[in-house]
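Notes for the one structure printed next.
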Amino acid sequence: MIKQDLKQVEFNEYYSGYLNKLPDTLSLIKGYEKGKKDVIDFFTSIPEEKLTYRYLPEKWSIKEVFQHLIDTERVFMYRCFRIARKDATPLSGFDQDTYITPSRADYKSLDQLIKEFEINRNNSISLLQSLSDEDLQFIGNSNGGAMSARAAAFIVLGHDIWHIDIVKERYL
């Protein structure tokens with residue numbers, strides 16, 4: 001399954017910004033495997049003293065951005081799982097800003113964040129490997145709009161790239 005298989009009816013237009021970050025030929029499983037390495041390589045390349053930097057006082061630190069990637073993957077893979085299991089119950093959105101303070105990301109070491117990311121990513125890969133193409137094509141309702149299981153999974157990959165680009169542009 002590759003990204004170009006996605007149809008516009010499988011996701012809200014809002015998510016196009018993330019999906020447009022991905023090449024059309026990107027395979028879902030390979031994207032998760034490569035993305036794991038890319039995210040870890042990126043965050044480990046940042047000097048330790050920059051990890052709690054905020055480009056404005058009200059913005060997240062780099063560690064908080066990393067935590068946000070982890071948390072968002074959890075939420076979207078939960079959506080992917082529920083939708084792939086043919087659960088038609090509308091899934092609610094989440095307020096990403098309220099997740100940051102209780103995450104205590106700035107008090108975690110980079111090694112702790114990497115371990116948390118790796119475990120989470122490995123769980124995502126395991127879930128995706130267990131789903132059939134038919135499961136991944138099922139369309140449910142998430143955050144008030146249509147979303148297929150595979151769209152939820154691909155959005156995670158584009159979301160990672162989106163935020164890494166922001167860190168490069170505004171933090172480093």
Side-chain angles (χ1 to χ4, degrees), residues 1-43 60 62 64-100 103 105 113 116-170:
M1 173 164 306
I2 59 174
K3 186 225 154 190
Q4 78 180 27
D5 294 334
L6 282 175
K7 297 170 183 63
Q8 183 62 46
V9 298
E10 296 181 56
F11 57 91
N12 184 299
E13 182 62 32
Y14 171 81
Y15 298 111
S16 293
Y18 302 134
L19 294 169
N20 290 338
K21 293 279 185 184
L22 305 173
D24 284 342
T25 57
L26 181 70
S27 160
L28 193 54
I29 301 292
K30 287 184 180 162
Y32 269 75
E33 291 166 346
K34 181 181 181 309
K36 180 171 75 170
K37 180 183 181 329
D38 292 348
V39 168
I40 292 169
D41 287 351
F42 175 72
F43 283 99
W60 297 338
I62 292 174
E64 289 171 334
V65 170
F66 194 4
Q67 184 71 60
H68 170 67
L69 297 183
I70 296 165
D71 290 349
T72 300
E73 182 167 339
R74 287 180 170 131
V75 170
F76 274 75
M77 291 311 291
Y78 175 70
R79 291 174 180 178
C80 174
F81 168 71
R82 295 254 323 252
I83 294 167
R85 292 288 197 255
K86 315 290 190 273
D87 186 344
T89 307
L91 302 170
S92 63
F94 74 107
D95 182 350
Q96 62 189 14
D97 292 317
T98 63
Y99 282 49
I100 293 301
S103 78
L113 287 166
E116 188 175 347
F117 174 78
E118 285 180 310
I119 290 168
N120 191 54
R121 180 55 57 99
N122 289 340
N123 285 331
S124 297
I125 292 168
S126 180
L127 171 64
L128 292 170
Q129 289 171 332
S130 77
L131 300 173
S132 70
D133 285 354
E134 180 183 326
D135 297 333
L136 287 164
Q137 291 176 54
F138 189 76
I139 298 175
N141 183 308
S142 178
N143 202 22
M147 180 175 284
S148 69
R150 67 185 179 183
F154 275 114
I155 288 166
V156 169
L157 298 175
H159 180 261
D160 288 350
I161 295 167
W162 177 275
H163 280 287
I164 286 172
D165 287 349
I166 288 173
V167 171
K168 288 176 182 176
E169 293 167 14
R170 299 180 188 170

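Computed from heavy atoms alone, side chains included, the values below leave out hydrogens, waters and symmetry copies.
Side chain of Ser130 to main chain of Leu127: a donor-acceptor pair is present (N/O by atom type, distance under 3.5 Å, no hydrogens or angles). Side-chain N or O atoms of Ser103 include one that pairs as donor or acceptor with a backbone N or O of Ile100 at under 3.5 Å. Judged purely by atom type and a 3.5 angstrom limit, Lys3 uses its side chain to pair as donor or acceptor with the backbone of Leu19.
Closest approach of Leu131 to Cys80, counting heavy atoms only: CD1-SG, 4.1 Å. Residues Ser148 and Glu10 approach most closely at OG-OE1, 2.7 Å, considering heavy atoms. Heavy atoms only, all atoms of each residue included: Leu113 and Ala105 are closest at CD1-O, 4.3 Å. The shortest heavy-atom contact between Phe117 and Gly35 is CZ-O, 4.4 Å. Residues Arg79 and Gly93 share a closest heavy-atom pair of NH2-CA, 3.4 Å. The nearest pair of heavy atoms linking Phe154 to Ile2 is CZ-C, 3.5 Å.
Using a 4.5 Å heavy-atom threshold, the side chains of Met77 and Asn123 count as separate. Within the 4.5 Å cutoff, no side-chain heavy atoms of Asn143 are placed close to those of Tyr14. By the 4.5 Å heavy-atom criterion applied to side chains, Lys21 and Leu26 are not counted as neighbours. Contact annotation: the side chain of Tyr99 never approaches that of Thr72 to less than 4.5 Å [non-hydrogen atoms, C-beta and beyond]. A heavy-atom distance below 4.5 Å is found between the side chains of Phe11 and Ser16.
Taken from CH2 in Trp60 to CD in Gln67, the straight-line distance is 10.5 Å, to the nearest 0.5 Å. Within the model, atoms CG of Asp71 and NE2 of His68 stand 8.0 Å from one another, a figure rounded to the nearest 0.5 Å. Between the NZ atom of Lys30 and the CE atom of Met1 there is a distance of 14.5 Å, given to the nearest 0.5 Å. Here CZ of Phe42 is found 8.5 Å from CG of Asp165. Values are rounded to the nearest 0.5 Å. Separation of atoms CG (Asp38) and NZ (Lys36) is listed at 12.0 Å; rounding is to 0.5 Å. Between the CG atom in Leu69 and the CZ atom in Phe43 there is a gap of 5.0 Å [rounded to 0.5 Å].
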Contacts under 3.5 angstrom, residues 82-89 side chains, donor-acceptor by atom type, not counting sequence neighbours:
from: Arg82; atom 1: NE; to: Asp87; atom 2: OD2; distance (Å): 2.6
from: Arg82; atom 1: NH1; to: Tyr78; atom 2: OH; distance (Å): 2.7
from: Arg82; atom 1: NH2; to: Asp87; atom 2: OD2; distance (Å): 2.9
from: Lys86; atom 1: NZ; to: Asp135; atom 2: OD1; distance (Å): 3.2
from: Asp87; atom 1: OD1; to: Thr89; atom 2: N; distance (Å): 2.9
from: Asp87; atom 1: OD1; to: Thr89; atom 2: OG1; distance (Å): 2.7

Side chain to side chain contact (heavy atoms under 4.5 Å, CB included) assessment of Glu13 paired with Gln8
CA-CA 8 Å; Glu13 182 62 32; Gln8 183 62 46; 3.1 Å; yes

Under the criterion side chain to side chain contact (heavy atoms under 4.5 Å, CB included), I'd like the reasoning laid out for Met147 against Ile155: C-alpha separation, chi angles, the key distance, then a yes or no.
CA-CA 10 Å; Met147 180 175 284; Ile155 288 166; 3.8 Å; yes

Query - side chain to side chain contact (heavy atoms under 4.5 Å, CB included) between Val156 and Tyr32, worked out - result: CA-CA 9 Å; Val156 169; Tyr32 269 75; 3.2 Å; yes

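The existence of a salt bridge linking Glu116 and Arg74 is confirmed by a sub-4.0 Å separation between a basic side-chain nitrogen and an acidic carboxylate oxygen.
Side-chain N/O atoms of Gln137 and Asp133 include no donor and acceptor closer than 3.5 Å.
Taking the six-membered ring where tryptophan is involved, the planes of Tyr15 and Phe76 are perpendicular, since the angle between them exceeds 60° and thus also 30°.
For Tyr18, the ring pair (Phe, Tyr, Trp, His ring centres under 6.0 Å) partners at least two apart in sequence or on another chain are His159, Trp162.
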